Amino acid sequence: MLQTQTNPIRVLHVVTNMSYGGLENLLMNYYRNIDRTRIQFDFLTHFQGHQDFEEEIKALGGCLFRLPRLNPLDPRYLNKLNRFFADHPEYKIVHSHLDCMAGIPLKYAKKNLVPVRIAHAHSSNQVHNLKYIIKRMCKPLILRYATNLFACGVKAGNWMFGGKPFSLINNAIDARSFMFNSAVAEQLRENLQLQNDFVVGHVGQLRQEKNHLFLIDVFNEILKIDSSCTLVLVGKGPQMEPALAKVNAYGIAEHVKFLGARSDIPSIMQAMDVFVLPSFYEGFPVTMIEAQAAGLPCVISDGVPLECKITDQVKQISLTESPQVWAEEILKYKNLIRRNNYDVVVAAGYDINANVLYLEEFYQNAINRS
C-alpha cells in the first residue's frame, strides 16, 4: 500500500552516535532537506550520553533510540538489538552506517522481517588495531543480510563490498550556506583573534586515521618559513591529548587553535585560507566538498580519493613526502583570491537539493516493491 502524507515512511538509521562529525553532518543535511511528509528519519544509536543533534532530531519529528556500545561478541547486546526490532515492527527500512559492522543490525532486522536492509559504506579502510580482527570477521555479514548496498564513493564501495554492485549516494551539502562571504570571514577572524594571519584549517574528528600529528609536524615547518600563520583545528576525539602534547612540545601553542566540535562549520570555513586533509585513508570526505564550496584551496594526502576533487585548487601530496615539502606547497596558496564555487558544486552534483530527491524516490520505490 502506498504511504500517504499523513503516514510517512519511517527510516531507521543505525549509527554510533548523532554528535558533530562528517557522517552525522551528512545525515542531518539529508534529514533537514528531505520531504518529511513522505519520509521521516529515526536513529538507533550506540551511545548513552547526550548527542549534539538530539534536540534537532526531535524538533524535526524524529526519534533517537539508545543501545549499549556495539559488541558482536556480547550476547546481552545482541539480545537487546533483537528485542529492539521485535518491539518496533513499524520499521520497513533499516539503513546501517556502521561500516564493517553494518551487517550486525541488518542480521537482526532480517530476523524480524524488515524487508529493506541497506548497508552504507563511508570508509575505504579501518585502523588496524585489536578491533580490526573482529571487524574483518563481521564484514561478510553485510553481503549476507543487506538487500541494498550504498557507498559514498567508488573506493569505499569497492573496499567494503568486495566487487559487488553498489549505488553511489553523494555526500551532498547545502552549497549556498558555504558560499564565501567576506563580511562573515572578517567577523569570524576578529572573533577568533586571527588578525591578518594566514589560516591553515582542518575539520575532522581527532582520530588516528585523520593524521593530526603529521599535520602538526607540517604546521611546525610552516612556522619556520612564515611565523604569521595560525592552525585552526575543528573537532574532538581520542587524539586530542597527543595533539596537544605535540603542539606544546614544539612550543607553538600560541599559533594553534583547538576549537572543538562546532555547529557553525560554514562560517568557520570562511575564516580559513587553505584547507589541509592529511588522512591515512578516507571514504569520501564531505569536508572536502564543503571546503571547495567555500572557495578554499585544498592540500590533501594520497589517502584521500581524488574523486572528491571538483575544483582546480586541490593539490594531492604523498604521505611519504616530508613535512617540509607539505609546508612549502601549503604556503603557495598565500594571498590567493577566494572564489565563489556555488555553481561548481551544483554542476558536480553535490548540492543537497538534487540528491535528496534521489533518496526520497529510492525509499518510496523500495517500500512499494517490498
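The structure displayed is predicted, hence computed values, not measured ones.
Checked for salt-bridge contact, Arg189 and Asp273 meet the test: a charged N lies under 4.0 Å from a carboxylate O. Salt-bridge check for Glu361 with Arg38: passed, with a basic side-chain N closer than 4.0 Å to an acidic carboxylate O. Under a 4.0 Å N-O distance rule, the pair Lys58/Glu54 qualifies as a salt bridge. Between Arg10 and Glu90, none of the side-chain N atoms (NZ, or NE/NH1/NH2) sits under 4.0 Å from a carboxylate O, so this pair counts as no salt bridge. Using a cutoff of 4.0 Å between basic side-chain nitrogens and carboxylate oxygens, Asp226 and Lys334 are scored as salt-bridged. The pair Asp174-Arg32 fails the salt-bridge criterion, with no side-chain N (NZ, NE, NH1 or NH2) lying under 4.0 Å from an Asp/Glu carboxylate O.
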- Between Glu56 and Met28, does a side-chain contact (heavy atoms from CB on, under 4.5 Å) hold up when you go through it step by step? CA-CA 9 Å; Glu56 184 178 2; Met28 293 305 295; 3.6 Å; yes
- Query: Given the rule in the salt bridge (charged side-chain N to carboxylate O under 4.0 Å, His left out) test, do Glu282 and Lys155 qualify, once you have shown the distances and angles that lead to the verdict?
  - Reply: CA-CA 9 Å; Glu282 292 278 356; Lys155 189 175 181 180; over 6 Å; no
- Query: Is there a side-chain contact (heavy atoms from CB on, under 4.5 Å) between Val200 and Val299 once you walk through the steps?
  - Reply: CA-CA 10 Å; Val200 179; Val299 179; over 6 Å; no
- Item | Evaluation steps, side-chain contact (heavy atoms from CB on, under 4.5 Å), between Gln292 and Cys298 | CA-CA 7 Å; Gln292 291 171 93; Cys298 302; 4.0 Å; yes
- Step by step, would you call Tyr91 with Asn112 a side-chain hydrogen bond (donor to acceptor under 3.5 Å, both in side chains)? CA-CA 10 Å; Tyr91 293 114; Asn112 287 277; over 6 Å; no
- Message: side-chain contact (heavy atoms from CB on, under 4.5 Å) for Gln270 and Leu188? Distances and angles first, verdict last.
- Response: CA-CA 8 Å; Gln270 308 296 308; Leu188 259 293; 5.7 Å; no
- Evaluate side-chain hydrogen bond (donor to acceptor under 3.5 Å, both in side chains) for Thr287 paired with Glu290, printing each intermediate quantity in order. CA-CA 5 Å; Thr287 52; Glu290 293 171 343; 5.5 Å; no
- Test Tyr30 against Glu360 for side-chain hydrogen bond (donor to acceptor under 3.5 Å, both in side chains), laying out the working first. CA-CA 10 Å; Tyr30 275 95; Glu360 283 179 13; over 6 Å; no
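Among residues two or more places apart in sequence or in another chain, the side chain to side chain donor-acceptor pair (under 3.5 Å) test is passed with Asn191 by Gln187. Annotation: side chain to side chain donor-acceptor pair (under 3.5 Å) contacts of Tyr342 (sequence neighbours excluded): Arg176.
Residue Leu23 is not grouped with residue Leu67 when hydrophobic side chains (ILVMFWY) are merged at heavy-atom distances under 4.5 angstrom, including chains of intermediate members. Put simply, Trp326 and Val274 are part of the same group of oily side chains (I, L, V, M, F, W, Y) that touch within less than 4.5 Å, one to the next. When hydrophobic clusters are built by joining Ile, Leu, Val, Met, Phe, Trp and Tyr residues whose side-chain heavy atoms come closer than 4.5 Å, directly or via intermediates, Leu78 is grouped together with Leu141. Taken together through direct or relayed side-chain contacts under 4.5 Å among Ile, Leu, Val, Met, Phe, Trp and Tyr, Val286 and Leu233 form parts of separate hydrophobic clusters. Residue Val314 is grouped with residue Val345 when hydrophobic side chains (ILVMFWY) are merged at heavy-atom distances under 4.5 angstrom, including chains of intermediate members.
Inter-residue side-chain proximity for Pro72 and Ile134 is flagged as met; some heavy-atom pair is nearer than 4.5 Å. Counting only heavy atoms from C-beta outward, the side chains of Arg117 and Ser96 never approach each other to under 4.5 Å. Using a 4.5 Å cut-off on side-chain heavy atoms (C-beta onward), Pro278 and Ile317 make no contact. The shortest side-chain heavy-atom distance between Phe43 and Asn17 does not fall under the 4.5 Å cut-off. Side chains of Arg262 and Ile268 form a contact here, defined as non-hydrogen atoms less than 4.5 Å apart. Using a 4.5 Å heavy-atom cutoff, the side chains of Val256 and Ile216 are not in contact. Side-chain contact between Val94 and Val116: absent, with no pair of heavy atoms (C-beta onward) separated by less than 4.5 Å. The shortest side-chain heavy-atom distance between Ile169 and Asn355 does not fall under the 4.5 Å cut-off.
In this structure, the ring of Tyr31 has its center less than 6.0 angstrom from the ring center of Phe41. Residues Phe150 and His95 place their aromatic rings such that the two centres sit under 6.0 Å apart.
Taking the ring centre of Trp159 as origin, the terminal cationic atom of Lys139 falls inside the region bounded by 6.0 Å and 45° from the ring axis.
At least one donor-acceptor pair closer than 3.5 Å links the side chain of Asn181 to the backbone N or O of Val184. Between the side chain of Thr45 and the main chain of Phe65, a donor-acceptor pair closer than 3.5 Å is present. Side-chain N or O atoms of Arg339 include none that pairs as donor or acceptor with a backbone N or O of Gly295 at under 3.5 Å. Here the side chain of Arg338 pairs a donor or acceptor atom with the backbone of Ala294 at under 3.5 angstrom. In this structure a side-chain-to-backbone donor-acceptor pair under 3.5 Å is present from Asp42 to Cys63. Gln316 places a side-chain N or O within 3.5 Å of a backbone atom of Val304 that can act as its donor or acceptor partner. Judged purely by atom type and a 3.5 angstrom limit, Gln51 uses its side chain to pair as donor or acceptor with the backbone of Phe47. Proximity of a side-chain donor or acceptor of Asn171 to a complementary backbone N or O of Phe284 within less than 3.5 Å is detected. No donor-acceptor distance shorter than 3.5 angstrom exists from the side chain of Glu24 to the backbone of Met18, with no hydrogens or angles considered.
Summarising the geometry of Leu81 relative to Tyr108, their closest heavy-atom pair is CD2-CD1, 3.6 Å, with the distance given to 0.1 Å. Nearest heavy-atom pair, Ile104 versus Cys138, reported as atom, atom and distance to 0.1 Å: CD1-SG, 3.9 Å. Nearest heavy-atom pair across Cys308 and Ile289 is O-CD1, 3.9 Å. Of all heavy-atom pairs spanning Met240 and Phe258, the tightest one is SD-CD2, 3.6 Å.
Note: His97 and His13 have parallel aromatic rings, judged against thresholds of 30 and 60 degrees for the angle between ring planes. Using cut-offs of 30° and 60° on the angle between ring planes, the pair His46 and Tyr77 is tilted.
Within a 6.0 Å sphere centred on CG of Leu73, other residues, nucleotides and ligands contribute more than 12 heavy atoms. The neighbour count for Lys315 NZ, taken as heavy atoms of other residues, nucleotides or ligands under 6.0 Å away, does not exceed 12. Within 6.0 Å of atom CZ in Arg83, 12 or fewer heavy atoms from other residues, nucleotides or ligands are found, so the atom counts as exposed in its surroundings. Within a 6.0 Å sphere centred on CG of Asn196, other residues, nucleotides and ligands contribute 12 heavy atoms or fewer.
For the side-chain contact (heavy atoms from CB on, under 4.5 Å) with Ile352, the lone residue among Asn170, Ile34, Leu359, Asn29 that qualifies is Asn29.
Asp302 and Ser318 are linked by a side-chain donor-acceptor pair at a separation below 3.5 angstrom, with hydrogens and angles left out of the test.
Rounded to the nearest 0.5 Å, atoms CD (Glu254) and OG1 (Thr230) are 9.0 Å apart.
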